[in-house]
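In this text, all values refer to a predicted model and were calculated from it rather than measured experimentally.
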Amino acid sequence: MHGLPASIWETYSAFANTYGGVILLGVKENEDGSFSSAGLRNSEKLKKDLWNTLNNPNKISSNILTDSNIKTFTEENGDEILAIEVPRAERSERPVYINDNPMKGTFRRNHEGDYHCTKREINEMIRDNSEKTMDTKVIDDLLWTDLNQESIQSYRRRHMIISPKHPWEKLPDDQYLVMIGAAARTESGVRPTAAGLLMFGDEYHIVREFPEYFLDYREYDFTSEIDWIDRIYSSTGTWSGNMYDFFWRVLSKLYEGLKTPFQLTMMDGALVRSDETPVHTAIREALVNCIINVDFFIPAGLVIIRKPESITFTNPGDIRVGKNEMLAGGVTDARNKNIMKMLNLLGIGERASSGVPRILSVWKDSGFGTPVVTEDYRFIRTSLTLPLLSSIPQKLKTSGKTSGKKHSSTKNYASYEERFRMIIDYLSEKGDSRTIDIAASIGLSPQRTRNLLNMMCSEGLITSYGTDKTKRYHANK
């Protein structure tokens, strides 16, 4: 090796803009997939070239390496291996690009290797590298009175219930909005901030400032994965369409069907009934986490999908602190800090960034499956999926037979065990059967039934045999 490979800088940019990585020089891949040294003997010269290029702003936008990131290893035969550990760049340093051209020289990493970032990805990184969050912007062409007054009064009532005798309780509305971050004083008067517009504005005002703004909640039942049975979205014109009203409308939908055991807690010296369980709290925190991290300049909007088996929260924008840091907790870096402040004032949301770890802990303790966090850089979207399938006992007792009637309810979210029991009862009575016959018996589509049968097979409740066209299912004893 006589010099640094040209592709090293694309990889440096890609690692810095994604989750870091290690570049090895002086290593070759053998035909059997193993690696061996490639005869490198001039690592000091390569290191000098590396540092010279890293510190050339016309070649590299930001040098994020230190001496500790570069190490030399010497083999017994004298060959050297140069290891360059590239960390994930801080948000304030991204995008890291090459050749003094962010639009052509910014890369990211995926399972296929390094790729050129799209203009949308680059613009998102540029927006995120500012310490001032997007939602603090003052909307000069609107008055605070242009906001939805019913939403504002609803918020104030909730705030005073949570914090009675709060110092802001007696403030006029315009001053109150300034205090919570929903408005700002300017030379021309009190104007809404972006946070105030998003939280309390009407949708037709919001989309003038944020053309990609869209909020969508969809709910599906067992019978179809295509046709929703309930939907709330921001552009209907029948309600405000703002984030504050969307939050409460959707939260009530997400709570439906969750178990709420009777319990008493002490509050202000008196016993009061508390219907909220840790699962309720975790779902609320997931919704908050989704809202405070939306990038409103990215298409497709905030989408929440509820199915009988899961809830998926998807927001435009990547994870600002990184996926590992978010899962570990302890670091807070909300994309919409003013919106987070407003929700915190209502006693919801986690300032210490313990929200996601707490969600994972609650889901584990509650016997649900493991939540899944995914990050899609190409579409710049982050998703959190919370399984709603409780741990299934290895054997379902068939005492207490089901009636055999088809279930018509579209709102039964606790029906997995019941559905499994119906399938076992059917197989016990009819013998080994095909998917289409089982589906007709329990009143579900073949596709939904197939999903249930796969779950039951994985739990050892039933077994299958045969090919796709001849497959039969057998109830285990």
Starting from the C-alpha separation in whole Å, work towards a yes-or-no answer on ring-ring contact (aromatic ring centres under 6.0 Å, His included) for Trp363 and Phe368.
CA-CA 5 Å; Trp363 240 245; Phe368 294 111; 5.0 Å; yes

Are Asp318 and Asp128 packed together at the side-chain level, in the sense that at least one heavy-atom pair is separated by less than 4.5 angstrom?
yes

Report the distance from atom CZ of Arg191 to atom CG of Leu147, rounding to the nearest 0.5 Å.
11.5 Å

Counting distance only, does the side-chain N/O of Thr106 pair as donor-acceptor with the main-chain N or O of Ile122 below 3.5 Å?
no

Cation-pi geometry met for Arg158 and Trp248 (6.0 Å, 45°)
yes

Got a donor-acceptor contact below 3.5 angstrom from the Thr193 side chain to the Thr136 backbone?
no

Check for me whether Arg249 meets the cation-pi criterion with Phe247, that is, NZ or CZ under 6.0 Å from the six-membered ring centre and within 45 degrees of the ring axis.
no

Do the side chains of Leu198 and Ile339 get nearer than 4.5 Å, heavy atoms only?
yes

Is Arg306 close to Tyr220 at the side-chain level, that is, under 4.5 Å between some pair of heavy atoms?
no

Any donor and acceptor pair, going by atom type alone, linking the side chain of Thr449 with main-chain N or O of Ser445 inside 3.5 Å?
yes

From Ile206 CD1 over to Glu203 CD, what is the distance, rounded to the nearest 0.5 angstrom?
7.0 Å

Counterpart residues, side chain to side chain donor-acceptor pair (under 3.5 Å), relative to Glu90 (two or more places apart)
none

Does the side chain of Ile162 reach to within under 4.5 Å of the side chain of Arg157, using non-hydrogen atoms?
no

Would you say Glu150 has more than 12 foreign heavy atoms packed within less than 6.0 Å of its CD?
no

Side chain to side chain contact (heavy atoms under 4.5 Å, CB included) assessment of Thr385 paired with Ile311
CA-CA 6 Å; Thr385 298; Ile311 305 172; over 6 Å; no

Please confirm whether the backbone N or O of Lys132 pairs with a side-chain atom of Ser130, one donor and one acceptor, at under 3.5 Å?
yes

Starting at CE of Met422, measure out to CD1 of Ile424 and round the result to the nearest 0.5 Å.
12.0 Å

So, does Ser61 use its side chain to make a donor-acceptor pair with the main chain of Tyr97 at under 3.5 Å?
yes

Which pair of heavy atoms, one from Ile298 and one from Gly317, lies closest together, and at what distance?
CD1-N, 3.8 Å

Looking only at heavy atoms, what is the nearest atom pair of Ile64 and Glu93, with distance?
CG2-OE1, 3.5 Å

Heavy-atom donor-acceptor pair, Asp146 side chain to Leu142 backbone, under 3.5 Å:
no

Polar side-chain atom of Arg218 near backbone of Tyr233 as donor-acceptor pair, under 3.5 Å
no

Worked verdict on Asn148 versus Ser240 for side chain to side chain donor-acceptor pair (under 3.5 Å):
CA-CA 7 Å; Asn148 187 290; Ser240 69; 4.8 Å; no

Criterion side chain to side chain contact (heavy atoms under 4.5 Å, CB included) on Tyr217 and Ile305, from CA distance to verdict
CA-CA 6 Å; Tyr217 167 82; Ile305 302 294; over 6 Å; no

Cut-off 3.5 Å, side chains only: do Tyr244 and Ser154 have a donor facing an acceptor?
yes

Return the minimal non-hydrogen interatomic distance between Thr312 and Ser383, and the atom names on each side.
CG2-CB, 4.2 Å

Starting at NZ of Lys341, measure out to CG of Leu345 and round the result to the nearest 0.5 Å.
6.5 Å

Let me confirm one number: the CH2-OG distance from Trp239 to Ser151, rounded to the nearest 0.5 Å.
9.0 Å

Do the ring planes of His116 and Phe107 sit parallel (below 30°), tilted (30 to 60°) or perpendicular (above 60°)?
tilted

Would Phe297 and Phe210 count as a close aromatic pair, with their ring centres under 6.0 Å?
yes

Any side-chain donor paired with an acceptor under 3.5 Å for Asn293 and Asn315?
no

If every non-hydrogen atom of Arg94 is compared with every non-hydrogen atom of Ala16, which pair is closest and at what distance?
CD-O, 3.9 Å

Got a donor-acceptor contact below 3.5 angstrom from the Lys337 side chain to the Ala334 backbone?
yes

With a 4.5 Å cut-off on side-chain heavy atoms, are Met160 and His166 touching?
yes

Whether Asp135 side chain and Asn338 backbone form a donor-acceptor pair below 3.5 Å:
yes

Nearest heavy atoms of Tyr213 and Gly241, plus distance in Å
OH-O, 2.6 Å

Would you say the ring centers of His280 and Tyr255 fall short of 6.0 Å from each other?
yes

Do the non-hydrogen side-chain atoms of Leu302 and Cys290 ever get within less than 4.5 Å of each other?
yes

How about CZ on Arg156, more than 12 heavy atoms from neighbouring residues, nucleotides or ligands closer than 6.0 Å, or not?
yes

Please determine, by modelled atom types, if Asp432 and Tyr465 share a side-chain donor-acceptor pair under 3.5 angstrom.
yes

For Leu251 and Leu287, run side chain to side chain contact (heavy atoms under 4.5 Å, CB included): C-alpha distance rounded to whole Å, both residues' side-chain angles, the deciding distance at 0.1 Å, then the answer.
CA-CA 8 Å; Leu251 190 65; Leu287 179 57; 4.2 Å; yes

How about Tyr155 and Phe200: are their ring centres within less than 6.0 Å of each other?
yes

Look at the aromatic rings of Trp168 and His159 and report parallel, tilted or perpendicular, splitting at 30° and 60°.
perpendicular

Rounded to the nearest 0.5 Å, what separation is found between the CG atom of Leu197 and the CE atom of Met243?
11.5 Å

Going through the checks in order, is the salt bridge (charged side-chain N to carboxylate O under 4.0 Å, His left out) test met by Lys137 and Glu209?
CA-CA 11 Å; Lys137 177 185 176 182; Glu209 184 69 26; 2.8 Å; yes

Please give me the minimum heavy-atom distance between Val362 and Pro278, naming the atom from each residue.
CG1-O, 3.5 Å

Sequence neighbours excluded, which residues qualify as salt bridge (charged side-chain N to carboxylate O under 4.0 Å, His left out) partners of Arg378?
Glu121

Just by distance, do the side chain of Thr18 and the backbone of Arg109 share a donor-acceptor pair under 3.5 Å?
yes

Assess whether side chain to side chain contact (heavy atoms under 4.5 Å, CB included) is satisfied between Asp437 and Lys430, documenting all intermediate values.
CA-CA 10 Å; Asp437 297 323; Lys430 301 293 185 181; over 6 Å; no

Parallel, tilted or perpendicular: ring planes of Tyr377 versus Tyr19, cut at 30 and 60 degrees
tilted

Any chance you could lay out the side chain to side chain donor-acceptor pair (under 3.5 Å) test for Ser92 and Asn129, step after step, and finish with the verdict?
CA-CA 4 Å; Ser92 59; Asn129 69 21; over 6 Å; no

